[in-house]
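Take a look at the structure set out below.
Residue numbers count from 1 along this sequence. Everything quoted here is computed from the prediction, not taken from an experiment.
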Amino acid sequence: MKVHHLNCGCMCPVGGALFDGFSKGIYAHLVCHCLLIETDRDGLVLVDTGFGRDDIRQPEKRLSGFFRLMNNIQKRETLTARSRIEALGFSAEDVRHIILTHLDFDHAGGLTDFPAARIHLLQTEIDTAQQRHSWLARERYRPGQWSGMSGWTGYQCRGEKWYGFEAVTALQGLPPEILLVPLAGHTRGHAGIAVSQPQGWLLHGGDAWFYRGEMDLQTPRCTPGLRFYQWMMAVDNGARHRTQQQLRELFSRYNQEITFFCSHDARELNAFISDGETN
């Protein structure tokens with residue numbers, strides 16, 4: 001399987017390096033790190049979708065005003081997953097499957113750009129998003145991004161262990177090299193996506209962490225802006241902290257076997273760009 005690392009959205013909140021750790025000006029630069037996987041028999045598989053074309057064209061209808069303002073979401077249609085995929089020479093119809101870490105607005109916005117795709121995620125995330133039981137849930141989960149979609153497959157947290165983590169194996173219609181790894185805390189049904197490659201595993205950690213320094217086992221660190229944002233967004237901060245500690249221990253022991261990255265760290269994404277592995 002060939003894996004493309006794509007940036008499918010840009011958020012530039014006020015705070016600069018207080019958010020991303022490197023920007024020189026007033027605005028930070030956060031990405032939406034998605035994967036496009038070319039399989040031999042199952043077509044294209046997209047991991048997360050970032051923002052969609054309709055999010056960019058009609059943000060007032062699709063996105064929360066609170067998060068449009070707080071995150072300073074950039075209206076760049078060229079960064080949508082569909083535009084990125086078409087630039088690679090594929091069509092939207094070539095995307096047969098979409099696997100989601102969770103259903104937040106900046107991860108599921110592109111679903112409607114791929115109406116023929118089958119959607120895979122944890123069943124707990126589907127249930128929570130449908131209930132929208134709090135103000136935060138109503139702001140983060142935007143039914144306009146996905147309520148008209150069909151072909152959903154929800155999974156329970158069971159399967160073979162993956163490096164000591166619970167894992168969902170044998171995703172329907174997908175190669176066995178792709179796994180869902182439940183990583184609760186940010187949302188109740190949040191998951192990482194593990195992809196086996198000849199040189200080792202990739203772990204797309206979604207929003208289990210936001211900043212590269214958080215994976216340091218001895219001295220974990222995070223910028224003030226992202227530390228606050230994670231606290232604000234987590235449905236269970238205790239579970240989030242436990243998940244992060246498990247991931248740090250995994251990183252400490254197996255960083256030669258597993259390549260770790262999260263959704264919004266531009267430096268992590270740029271590491272793949274500099275290696276010639278991304279578009």
Give me the ring orientation class for His97 and His120: parallel if the planes are under 30° apart, tilted from 30 to 60°, perpendicular past 60°.
tilted

Once you round to the nearest 0.5 Å, how far does CZ of Arg242 lie from CG of Leu183?
13.0 Å

Connected via hydrophobic side-chain network under 4.5 Å: Leu79 and Ile85
no

For the residue pair Trp201 and Tyr163, categorise the inter-ring angle as parallel (less than 30°), tilted (30 to 60°) or perpendicular (more than 60°).
perpendicular

Under 3.5 Å, is there a donor-acceptor pair linking the side chains of Tyr229 and Asn71?
yes

Using the rule that Ile, Leu, Val, Met, Phe, Trp and Tyr join whenever any side-chain heavy atoms are under 4.5 Å apart, tell me whether Ile73 and Leu136 fall into a single cluster.
yes

Determine, using the 4.5 Å side-chain heavy-atom cutoff (strictly less than), whether Leu217 and Leu247 are members of one ILVMFWY cluster.
no

Let me confirm one number: the OG1-NE2 distance from Thr128 to His133, rounded to the nearest 0.5 Å.
6.0 Å

Between His186 and Phe210, how do the two ring planes meet: parallel, tilted or perpendicular, split at 30° and 60°?
tilted

Does a salt bridge link Asp216 with Arg248, judged by any charged N lying under 4.0 Å from a carboxylate O?
no

In terms of ring plane angle, is the pair Phe105 and Phe51 parallel, tilted or perpendicular, where the classes change at 30° and 60°?
tilted

Contact summary for Cys12 and His29, nearest pair of heavy atoms
SG-CD2, 4.0 Å

Which atom pair, heavy atoms only, marks the closest approach of Cys222 to Gln230?
SG-NE2, 3.6 Å

Would you say the side chain of Leu179 lies within less than 4.5 Å of the side chain of Leu171, judging by non-hydrogen atoms?
no

Return the CG to NE2 distance between Leu269 and His33, rounded to the nearest 0.5 Å.
5.0 Å

Would Cys32 and Met11 count as a side-chain contact (heavy atoms from CB on, under 4.5 Å) if you check the C-alpha gap in whole Å, the side-chain angles of each, and the deciding distance to 0.1 Å?
CA-CA 8 Å; Cys32 294; Met11 295 176 285; 4.2 Å; yes

I'd like to know if the side chain of Glu139 pairs up with that of Ser64 as donor and acceptor (distance under 3.5 Å, no hydrogens or angles considered).
yes

If hydrophobic clusters are built by linking Ile, Leu, Val, Met, Phe, Trp and Tyr wherever their side-chain heavy atoms come under 4.5 Å apart, do Val3 and Ile99 end up in the same one?
yes

For Arg84, run the side-chain contact (heavy atoms from CB on, under 4.5 Å) check against Leu36, Asn7, Thr78, Leu46 and tell me which one passes.
Asn7

Is the number of heavy atoms from other residues, nucleotides or ligands within 6.0 Å of CH2 (Trp135) greater than 12?
yes

Will you find, in the side chains of Glu177 and Gln197, an N or O donor that is under 3.5 Å from an N or O acceptor?
no

May I ask you to check whether Glu249 and Gln244 show a side-chain donor-acceptor distance below 3.5 Å?
no

Rounded to the nearest 0.5 Å, how far apart are CG of Leu103 and CG of Leu111?
7.0 Å

Between Glu125, Arg240, His102, which is the residue that forms a side chain to side chain donor-acceptor pair (under 3.5 Å) with Thr187?
Glu125

Examine Arg267 relative to Phe22 and say whether NZ or CZ is less than 6.0 Å from the centre of the six-membered ring and inside a 45° cone about the ring axis.
yes

Going by an N to O cut-off under 4.0 Å, is there a salt bridge joining Arg82 and Glu86?
yes

According to a 4.5 Å side-chain heavy-atom criterion applied to Ile, Leu, Val, Met, Phe, Trp and Tyr, with indirect links allowed, do Ile119 and Trp146 form part of one hydrophobic cluster?
yes

Check the angle between the aromatic planes of Phe260 and Trp209 and answer parallel, tilted or perpendicular using the 30° and 60° thresholds.
tilted

Where Cys157 and Pro182 come nearest, the two heavy atoms and their spacing:
SG-CG, 3.6 Å

Is it true that Phe261 and Phe272 have ring centroids separated by less than 6.0 Å?
yes

Say whether, by atom type as modelled, one donor and one acceptor occur between the side chain of Asp55 and the main chain of Arg62 under 3.5 angstrom.
no

With no hydrogens and no angle check, is any side-chain donor or acceptor of Thr101 less than 3.5 Å from a backbone partner on Gly192?
no

Which atom pair, heavy atoms only, marks the closest approach of Ala194 to Val181?
CB-CG2, 4.0 Å

Just by distance, no angles: are the side chains of Ser134 and Arg140 close enough, under 3.5 Å, to form a donor-acceptor pair?
no

Between the NE2 atom in His190 and the CG atom in Asp207, the distance rounded to the nearest 0.5 Å is 5.0 Å

Set out, in order, the CA-CA distance, both residues' side-chain angles and the distance that settles side-chain contact (heavy atoms from CB on, under 4.5 Å) for Asp48 and Ser263, then state yes or no.
CA-CA 9 Å; Asp48 277 356; Ser263 291; 4.1 Å; yes

Taking atom CD of Glu160 as the centre, report whether more than 12 heavy atoms of other residues, nucleotides or ligands fall under 6.0 Å from it.
no

When you compare the side chains of Asp106 and His264, does any donor N or O come within less than 3.5 Å of an acceptor on the partner?
yes

Can you measure from OG1 (Thr124) to CG (Leu121) and round to the nearest 0.5 angstrom?
9.5 Å

Between His107 and Leu100, what is the shortest heavy-atom contact and its length?
O-CD2, 3.7 Å

Donor-acceptor side-chain pairing of Gln123 and Asp127 below 3.5 angstrom:
yes

Taking Glu77 first and then Arg53, would you say they form a salt bridge - that is, a charged N and a carboxylate O separated by under 4.0 Å?
yes

Minimum heavy-atom distance Gly109-Gln145, with the two atoms named
CA-NE2, 3.3 Å

Can you tell whether the side chains of Lys161 and Glu166 come within less than 4.0 Å, N to carboxylate O?
yes

